[in-house]
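Worth knowing before you read on, the calculation uses all heavy atoms, side chains too, and leaves out hydrogens, waters and symmetry mates. Throughout, a chain's letter reflects where its sequence line sits, starting with A, and its residues are numbered from 1.
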Number of protein chains: 2
Amino acid sequence: MRSYHDACGMAHALDLVGERWALLVVRELVLGPKRYTDLRADLPGISTTVLAHRLDELEQTGVVRRRRLAPPAGSTVYELTDWGQELEPVIRQLGRWGARSPTRRRDAHLSAAGLVLSLRTNYQPDGSDGFAATIELRLGEDRFTATVRDGQLAVVRGGADEPDAVIEGAPGVLAGVLCGGRCLREAILANDLSVRGDSSAIRRFLSQFSLSEPVSGPPPPIDSPEKTPPRRLPRE
Amino acid sequence: MRSYHDACGMAHALDLVGERWALLVVRELVLGPKRYTDLRADLPGISTTVLAHRLDELEQTGVVRRRRLAPPAGSTVYELTDWGQELEPVIRQLGRWGARSPTRRRDAHLSAAGLVLSLRTNYQPDGSDGFAATIELRLGEDRFTATVRDGQLAVVRGGADEPDAVIEGAPGVLAGVLCGGRCLREAILANDLSVRGDSSAIRRFLSQFSLSEPVSGPPPPIDSPEKTPPRRLPRE
DNA sequence: CAGCATCCCGATTGATACTG
DNA sequence: CAGTATCAATCGGGATGCTG
């Protein structure tokens, strides 16, 4: 296994999860166990070879665990270990940084896990009056339950028993509305999204996610010669 | 340029800084600008080809900026842009995670930047009485000034004017004492470290860094069959 | 069909040498 | 000092094959 041979914690973290696709595999598992085939489906572009390799390595290093489900399911799933689960803050902080990139394509594919993590990251209660709601999110095959209470957001996998509302649509569409500034009504009219239930709860829910503005556009193409004088020498 | 074609912020972040060595280059620049040759020296194992590639890419994506120093220095340095500088929390969180790995080699090479970042990460004031001190760290060629005041730590590049104490030694040795539990006196006797100045300030300073304990040893080699019953099906 | 293993090929990396 | 050039080794991606 390749290594940076560096005692720095970050360098060692990259020994473990710095290989191509590794952190995306972890991202897909943050919300719960998945089967090999579902991982492959949720990571468009990964090859079966690479996925198998990454899962092996992540298992060997104690980030991921394989488990066979009890009968009658019988299938094998991959899940994060407790330590692997602690990568979630890392993933969210990296996501918060990358989301502000001027070169990010907001129209690219978005997995359900990607959307839910961005919800967790971008949630910001507005006025802190006691708004509470349970919203079921139907993202393709996957269902999630988002619960807002006391200015806290929780999103877990699985449908809700008695949701105040249900929102159904592709993750990318929902992201466009939640974090990309797209108009909800327009998305519904375009048949990209469908909603049911308490529409005022939906509106309040949607309004509680902050749009992360990209940093100032692409960097100036040419370096302006004398605008920023050298601040200091690289060495003493 | 290779991309995951994923709208998730984290995936895009990896498009930008996920290539091999990229984040280590950023780490080396977090404390201030550096020249090409110094980067190469501080990143043992990187090839000149890859370093040149990474710097090109990081410059194109607006993470790093090249600058020619004013005469008489005249040399070219690389420095983080404001946005690139915002990777520091990401690097620290990744470092905090990786530092707890059971497979991390604490005896490997450690760069001055790696040490200083781990200081910033692991600082935890103990009893909050008004301890204040200025300590100069001499790490090979590089000097840093660590200032503790009001339960806050600041470490900046450059020597101190009137430090309360001076500590000199290799970054790895200092890390062993600060975060690895090695005895200061023993390190001095072994001639790995030298100190000058207020020795009680040094002792108090050193005691304010928390040892991050590794997570429970290497994962169990064989999966115990029935110990953790399956929690749920991967799909509804 | 789930869960890989194999083979092939182009892209990336790393070691070394070389240049302005 | 600050890179570029070259080349072998490795890695990633795509297609396909295999096995229960």
### Message
Please report the distance, rounded to the nearest Å, between CG in Asp56(B) and P in dT12(C).
### Response
14 Å

### Message
Main chain of Ala160(A), side chain of Glu136(A): is a donor-acceptor contact present, judged purely on distance under 3.5 Å?
### Response
yes

### Query
Got Glu162(A) and Thr134(A) here, is their nearest side-chain heavy-atom distance under 4.5 Å?
no

### Message
Using only atom types and a distance under 3.5 Å, with no angle test, would you say the side chain of Thr81(A) pairs donor to acceptor with the backbone of Val64(A)?
### Response
no

### Summary
Rounded to whole Å, CG of Leu55(A) lies from P of dG12(D) at a distance of 14 Å

### Message
Can you measure Arg67(A) atom CZ to dG3(C) atom P for me and round it to whole angstrom units?
### Response
13 Å

### Summary
Closest non-hydrogen contact found for Leu139(A) with Pro171(A) is CB-CG, 4.1 Å

### Summary
Arg54(B) CZ to dT13(C) C1', in whole Å, measures 9 Å

### Arg2(B) CZ to dG12(D) P, straight-line distance once rounded to whole Å
8 Å

### Message
Whole angstroms only, please: what is the NZ-P distance between Lys34(A) and dG3(C)?
### Response
13 Å

### Query
Tyr78(A) side chain N/O closer than 4.0 Å to the phosphate oxygens (OP1, OP2) of dC4(C)?
yes

### Query
Between Tyr36(A) and Thr48(A), is any side-chain donor less than 3.5 angstrom from a side-chain acceptor?
yes

### Message
Less than 4.5 Å apart, side chain to side chain, heavy atoms only: is that true for Arg20(A) and Val50(A)?
### Response
no

### Task
Taking only the side-chain heavy atoms of Ser47(A) (C-beta and beyond), determine which of dA2(D), dT16(D), dG14(D) contains the nearest atom.
dG14(D)

### Query
Atom CD1 of Ile46(A) to atom P of dG14(D): distance rounded to whole Å?
11 Å

### Task
Using heavy atoms to find the nearest nucleotide of DNA chain D for Thr49(B) and Trp21(A) separately, return the residue whose nucleotide is more 5′.
Thr49(B)

### Query
Within the pair Arg20(B) and dG14(C), is there a side-chain N or O less than 4.0 Å away from OP1 or OP2?
yes

## Note on the structure
Output row for DNA chain C, stems defined as at least 3 consecutive Watson-Crick or G-U pairs under 3.5 Å, is C:1-20 with D:1-20

### Query
Taking only N and O in the side chain of Arg68(B), is any of them less than 4.0 Å away from OP1 or OP2 of dA2(D)?
no

### Task
Would you indicate, yes or no, if dG3(D) has its OP1 or OP2 atom less than 4.0 angstrom from a side-chain nitrogen or oxygen of Arg40(B)?
no

### Query
Rounded to whole angstroms, how far apart are CG on Leu51(A) and P on dG12(D)?
13 Å

### Query
Can you tell if the side chain of Arg66(B) reaches within under 4.5 Å of the side chain of Thr76(B), non-hydrogen atoms only?
yes

### Query
Would you say Thr37(A) reaches dG3(C)'s phosphate, i.e. side-chain N/O to OP1/OP2 under 4.0 Å?
yes

